[in-house]
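Structure, as structure tokens:
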Amino acid sequence: MLFRAQGAPLRWYTAVMAKHSTITVKLGDRSYPIIIGSGLLDGAFDLTRFMRGSDCLIVSNETVAPLYLDRLRANLGDKTIHSIELPDGEAHKSIASLQTILDRLAESGAGRDTTVIALGGGVVGDIAGFAAACYMRGVAFIQVPTTLLAQVDSSVGGKTGVNHPEGKNLIGAFHQPRAVLIDTSTLSSLPDRELKAGLAEVIKHGAICDIEFFAWLEENMQKLLRKEPLALAHAVQRSCEIKAEVVADDEREAGRRAILNFGHTFGHAIERCEGYGEWLHGEAVAAGMVMAAELSGIIDADIDRLRALIAQAGLPVSPPSIDADSWMRAMGMDKKVEQDQLRFVLLHALGDAHVTSSYDNELLRQIVGADAR
Ligand code: NAD
Ligand code: GLY
């Protein structure tokens, strides 16, 4: 997205394009870098240093591969490159897609030292990561996320998996990548609706633990919607810093990491009731965050600020019409259920989240039962 100004010397252009920043996800000997920059896929970054052996399988989909597969290849030197294109869409985040990838790995004779590279959004990243976790009990994995949602959230932290008709991400594994390469210029081709869905997770990061970032988003949301490079770079950078810090603190979600699921208990229920892919994940999370804020019992001014920022991002602030029983059933399947008691990520205040199974049951029924929505 950085274009060479007319008459600008090539030296300047190359320097700007090559500029990148690195955040480390600190997990001991499994620590890995998140490399962020514009134009990194234009051969500016040597990805082979994160590969184990001499061959790799790039997993992408029918939409992203025509746009970026050749550019990614340029970053892989003389490695043997296999690639596979999945059908596009959340509906294909399935055991069937996993099987396709595993078949391809086995048929190409991939060994323990192979590397799986995910090129695409969160769907491709989650499936490819899970395939990497399963094949030969775990092979190397690299994330090259191309949606905002994947760049600010799903590519970092090692959660991988597929959906089951009975629930979202019901089948999966923790499998950390060896590197995450974020070329923010790939966002130039991202449809607006997908950009907005990613902004939901960006807003989430501010809402759960960084009120200053939240305020920055209030000031800069229009720039983000216009895909202004500097604004996007900051939103991706700050989101990755927050996610990296939380994951390093609690990799397996024994406690604190669950705050990253703010809005997700409601959001997953929306996705499940509406059918995966009807509401985008980020859209469902956006409405879910407002519902979670309402359940938190925080001051109205904070709920209003959250609602206003979500609306400013062009995201839904209320859920679709779902009857109260369907809500409760759908939320009951959520992985955050513990001993028959739902657990929610709630806010003490904007910028300060916690996980709890202590909440106002009557208020919850009101929130999911209000048919005025
Ligand atoms: P997605 O992967 O379906 O991508 C959205 C759409 O954008 C797709 O049609 C895709 O082909 C297209 N696309 C991707 N990059 C593009 C580009 N640069 N230009 C044009 N089109 C492009 O959806 P998503 O929002 O990226 O990810 C949602 C998934 O991520 C959900 O399955 C969700 O459960 C998962 N998720 C996982 C985690 C995690 O921690 N693993 C966190 C959040 C979300
Ligand atoms: N997206 C929630 C997590 O990574 O934990």
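Ligands are counted one by one from 1 in listed order, and the atoms in each one are counted from 1 as well.
Residues Lys243 and Val25 form no side-chain contact, since every pair of their non-hydrogen atoms from C-beta on lies 4.5 Å or further apart.
Every residue meeting the side chain to side chain contact (heavy atoms under 4.5 Å, CB included) condition with Arg226, not counting sequence neighbours, appears here in chain and number order: Gln222, Lys223, Glu228. For Arg104, the side chain to side chain contact (heavy atoms under 4.5 Å, CB included) partners are Leu57, His82, Ile84, not counting sequence neighbours.
Ordered by chain and residue number, the residues placing a heavy atom less than 4.0 Å from ligand 2 are Asp153, Lys159, Lys243, Glu253, Arg257, Leu260, Asn261.
One distance of note links CG of Leu149 with CG of Leu199; it measures 10.0 Å at 0.5 Å rounding. Once rounded to the nearest 0.5 Å, the distance linking OG1 of Thr146 with CG of Leu190 reads 7.5 Å.
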Does ligand 1 have any N/O pairs with the protein under 3.5 Å, and how far apart?
{"unit_1": "ligand 1", "atom_1": "2 (O)", "unit_2": "Gly122", "atom_2": "N", "d": "3.1"}
{"unit_1": "ligand 1", "atom_1": "2 (O)", "unit_2": "Val123", "atom_2": "N", "d": "3.0"}
{"unit_1": "ligand 1", "atom_1": "9 (O)", "unit_2": "Asp88", "atom_2": "OD1", "d": "3.0"}
{"unit_1": "ligand 1", "atom_1": "9 (O)", "unit_2": "Asp88", "atom_2": "OD2", "d": "2.7"}
{"unit_1": "ligand 1", "atom_1": "11 (O)", "unit_2": "Asn61", "atom_2": "ND2", "d": "2.9"}
{"unit_1": "ligand 1", "atom_1": "11 (O)", "unit_2": "Asp88", "atom_2": "OD1", "d": "3.1"}
{"unit_1": "ligand 1", "atom_1": "11 (O)", "unit_2": "Asp88", "atom_2": "OD2", "d": "2.9"}
{"unit_1": "ligand 1", "atom_1": "15 (N)", "unit_2": "Thr146", "atom_2": "O", "d": "3.3"}
{"unit_1": "ligand 1", "atom_1": "15 (N)", "unit_2": "Thr146", "atom_2": "OG1", "d": "2.7"}
{"unit_1": "ligand 1", "atom_1": "18 (N)", "unit_2": "Thr146", "atom_2": "O", "d": "3.0"}
{"unit_1": "ligand 1", "atom_1": "18 (N)", "unit_2": "Thr186", "atom_2": "O", "d": "2.9"}
{"unit_1": "ligand 1", "atom_1": "18 (N)", "unit_2": "Ser189", "atom_2": "OG", "d": "3.4"}
{"unit_1": "ligand 1", "atom_1": "19 (N)", "unit_2": "Ser189", "atom_2": "O", "d": "3.3"}
{"unit_1": "ligand 1", "atom_1": "19 (N)", "unit_2": "Ser189", "atom_2": "OG", "d": "2.8"}
{"unit_1": "ligand 1", "atom_1": "26 (O)", "unit_2": "Gly122", "atom_2": "N", "d": "2.8"}
{"unit_1": "ligand 1", "atom_1": "26 (O)", "unit_2": "Thr147", "atom_2": "OG1", "d": "2.6"}
{"unit_1": "ligand 1", "atom_1": "27 (O)", "unit_2": "Gly122", "atom_2": "N", "d": "3.2"}
{"unit_1": "ligand 1", "atom_1": "32 (O)", "unit_2": "Glu90", "atom_2": "OE1", "d": "2.7"}
{"unit_1": "ligand 1", "atom_1": "32 (O)", "unit_2": "Glu90", "atom_2": "OE2", "d": "3.0"}
{"unit_1": "ligand 1", "atom_1": "32 (O)", "unit_2": "Lys93", "atom_2": "NZ", "d": "2.8"}
{"unit_1": "ligand 1", "atom_1": "32 (O)", "unit_2": "Lys168", "atom_2": "NZ", "d": "3.2"}
{"unit_1": "ligand 1", "atom_1": "34 (O)", "unit_2": "Lys93", "atom_2": "NZ", "d": "3.1"}
{"unit_1": "ligand 1", "atom_1": "34 (O)", "unit_2": "Lys168", "atom_2": "NZ", "d": "2.9"}
{"unit_1": "ligand 1", "atom_1": "41 (N)", "unit_2": "Asp126", "atom_2": "OD1", "d": "2.9"}
{"unit_1": "ligand 1", "atom_1": "41 (N)", "unit_2": "Lys159", "atom_2": "O", "d": "2.9"}

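Inspection of the Lys93 and Asn169 side chains reveals an N or O donor paired with an N or O acceptor under 3.5 Å. Neither side chain, Glu241 nor His205, offers a donor N or O lying under 3.5 Å from an acceptor on the other. Side chain to side chain, Thr184 and Gln151 fail the donor-acceptor criterion of an N or O pair below 3.5 Å.
When the options Leu102, Ile101, Thr100 are evaluated for a side-chain contact (heavy atoms from CB on, under 4.5 Å) with Leu98, the one that passes is Leu102.
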